[in-house]
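Report on the structure given below.
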Amino acid sequence: MCLIKRFFTFIFTAHILLMGLACQRKQIDPAETPKALVQQMVAAVGGIDRLYALKDVEYTYIYHDLTNDKKDVSLERYVFDGELSWAHYETREKNVVPQMEGEVNQGFNGSESWMTIDGKLVEDNPQLAKLCDFLRKTNYYWFTMMFKLTDPGVQYKYNGAKTVDGVDYDLIEISFGEGVGDAQDTYLLYINPETKLVDQFLFTVMDFGVAEPFLMKVEYEEIQGVKLPAKRKYVRANWEGEPQNDEWTAEISTNIKFNNGFDRSMFEKPTT
């Protein structure tokens, strides 16, 4: 009986201690800890300094609408200093002028975006100009997002914890100060307390007036000391993180190569 009593006393004490530790992790200072959790996440993916030390990147980007099996496939090139962006489209079935023939290139030189079809600069077309600007900046941002969430002007709020698939995630709401970026989107990060990584997040697309969120799920690939969100898929959702349909889109980055030594003139707007 004595051994049984000691056993149950041990189990009860251990249970109380575990509950106390769990509560301790959740009893946080909402004025400070949200940013600290994001800083831990940025460190977990390698840190912004390590990314910038890699100078530039080239990769193949596959944007795949899984509902209708249409794809846009592009060769993407970025220079991190100045956030320069360039792409050559190999397949254009979904968003990038699928109705038009010809070779499509896009670029962003740090101040303006541009697009050519068969080497001819596309001008006087506001709709194509907006699409090009959105893609050049958004594709770059998705690739580098996890490193940039401690940039100046980012605002943080702790939104409690939520259990998803057995993981007790910390929820961090991200917003942006006025004048930061082209649109003031809202993100809700699900930070895994064990890995410190963002396994999924909710986001708006205010550049196109979409205030209801999408749910993005993320898988990482580690290359040269940095963890990159190389496999992503998203779907329309609500703010509880519940998908509203089964119409997923996949975004896959493959053949990722750093430090290519790109000439910055590649990103400049053509003169003709």
Side-chain angles (χ1 to χ4, degrees), residues 42 45 48 51-52 54-63 72-90 92 94-97 104-117 121-123 125-155 174-187 189 198 201-211 213-214 216 218 226 228-230 232 234 249-253 256 258 260 262 264-270:
V42 174
V45 297
I48 189 68
L51 179 71
Y52 270 61
L54 296 172
K55 305 295 186 184
D56 60 40
V57 68
E58 175 185 277
Y59 68 99
T60 298
Y61 176 55
I62 303 167
Y63 179 94
D72 288 336
V73 181
S74 56
L75 179 67
E76 302 272 332
R77 292 175 177 171
Y78 310 145
V79 170
F80 301 129
D81 181 14
E83 302 190 355
L84 311 183
S85 173
W86 178 94
H88 167 71
Y89 280 86
E90 301 167 1
R92 299 183 288 105
K94 179 61 180 176
N95 294 323
V96 185
V97 290
V104 172
N105 290 343
Q106 295 178 343
F108 175 68
N109 63 8
S111 59
E112 61 179 336
S113 298
W114 53 266
M115 175 177 173
T116 61
I117 299 179
L121 193 63
V122 176
E123 299 180 286
N125 189 321
Q127 184 176 4
L128 287 185
K130 180 177 177 66
L131 174 65
C132 174
D133 191 63
F134 176 79
L135 290 175
R136 286 306 88 225
K137 294 175 181 177
T138 300
N139 288 6
Y140 179 93
Y141 189 75
W142 283 150
F143 188 86
T144 61
M145 170 183 165
M146 301 306 173
F147 302 86
K148 290 176 59 60
L149 288 176
T150 53
D151 281 359
V154 179
Q155 300 169 349
I174 298 290
S175 57
F176 301 87
E178 188 173 349
V180 179
D182 292 342
Q184 275 61 58
D185 284 306
T186 299
Y187 294 78
L189 311 179
V198 175
F201 60 93
L202 299 170
F203 67 98
T204 61
V205 188
M206 296 308 298
D207 208 22
F208 286 89
V210 182
F214 293 87
M216 179 81 82
V218 184
V226 294
L228 303 161
R232 308 184 300 269
Y234 71 86
T249 296
E251 300 180 336
I252 309 298
S253 302
I256 301 169
F258 289 110
N260 301 278
F262 295 132
R264 296 175 77 92
S265 64
M266 172 192 306
F267 304 89
E268 290 299 330
K269 184 178 180 179

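Computation of the quantities below employed the complete heavy-atom set of this structure, encompassing side-chain atoms and omitting hydrogens, waters and symmetry-equivalent molecules. Numbering starts at 1 and runs along the sequence shown. Just so it is clear, the model here is predicted, and its values are computed rather than measured.
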Quiz item: Would Ile256 and Leu228 count as a side chain to side chain contact (heavy atoms under 4.5 Å, CB included) if you check the C-alpha gap in whole Å, the side-chain angles of each, and the deciding distance to 0.1 Å?
Solution: CA-CA 10 Å; Ile256 301 169; Leu228 303 161; 4.0 Å; yes
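- Counting heavy atoms from C-beta outward, Leu54 and Val226 have side chains that approach closer than 4.5 Å.
- Tyr140 and Leu84 get closest at one heavy-atom pair: CD1-O, 4.1 Å.
- Looking at Tyr89 and Ile117, their side chains never come closer than 4.5 Å, going by heavy atoms from C-beta outward.
- Nearest heavy atom pair, residue Phe176 against residue Ile174, reads CZ-CG2, 3.8 Å.
- Remark: aromatic rings of Phe134 and Phe208 are close, center separation under 6.0 Å.
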Quiz prompt | Steps toward ring-ring contact (aromatic ring centres under 6.0 Å, His included) verdict (Phe143, Tyr61) | solution = CA-CA 10 Å; Phe143 188 86; Tyr61 176 55; 9.3 Å; no
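- Closest approach of Met266 to Trp86, counting heavy atoms only: O-CD1, 3.6 Å.
- Annotation for Lys148: atom NZ counts as buried by contact number, over 12 foreign heavy atoms lying within 6.0 Å.
- Going from atom CG of Asp133 over to atom CD of Gln106 covers 9.5 Å, rounded to the nearest 0.5 Å.
- The main-chain N or O of Arg136 is found under 3.5 Å from a side-chain atom of Ser85 such that the two form a donor-acceptor pair.
- Here the side chain of Tyr52 pairs a donor or acceptor atom with the backbone of Phe80 at under 3.5 angstrom.
- Considering every non-hydrogen atom in both Glu251 and Tyr234, the closest pair reads OE2-CE2, 3.4 Å.
- Side chains of Tyr78 and Tyr59 form a contact here, defined as non-hydrogen atoms less than 4.5 Å apart.
- Interatomic distance, CG of Asn139 versus OG1 of Thr144, reported as 10.5 Å (0.5 Å rounding).
- Between atom CG of residue Asp72 and atom CD of residue Glu90 there is a gap of 11.5 Å, rounded to the nearest 0.5 Å.
- Looking at heavy atoms from C-beta onward, Pro270 lies in side-chain contact with Thr116 at the 4.5 angstrom threshold.
- For Lys130 (side chain) and Asp207 (main-chain N/O), a donor-acceptor pair under 3.5 Å exists by modelled atom type.
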Quiz item: Given the rule in the side chain to side chain contact (heavy atoms under 4.5 Å, CB included) test, do Met115 and Leu131 qualify, once you have shown the distances and angles that lead to the verdict?
Solution: CA-CA 10 Å; Met115 175 177 173; Leu131 174 65; over 6 Å; no
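- Rounded to the nearest 0.5 Å, atoms CD (Glu58) and OG1 (Thr60) are 7.0 Å apart.
- With hydrogens and angles ignored, the 3.5 Å screen pairs a side-chain donor or acceptor of Asp56 with a backbone N or O of Asn260.
- Of the possible polar contacts, none joining the Asn109 side chain to the Phe267 backbone as a donor-acceptor pair under 3.5 Å is found.
- Within the 4.5 Å cutoff, no side-chain heavy atoms of Val97 are placed close to those of Val122.
- Taking every heavy atom of both residues into account, Thr204 and Ala211 meet most closely at CG2-O, 3.3 Å.
- Heavy-atom minimum distance, Phe201 versus Met146: CE2-CE, 4.0 Å.
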Self-check item: side chain to side chain contact (heavy atoms under 4.5 Å, CB included) evaluation trace for Phe108 with Leu135
Solution: CA-CA 10 Å; Phe108 175 68; Leu135 290 175; over 6 Å; no
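- Side-chain contact between Thr249 and Lys94: absent, with no pair of heavy atoms (C-beta onward) separated by less than 4.5 Å.
- Ser74 OG to His88 NE2: the interatomic distance, rounded to the nearest 0.5 Å, is 9.5 Å.
- Between Trp142 and Phe203, the angle of the ring planes goes over 60°, which puts this pair in the perpendicular group of the 30/60° scheme.
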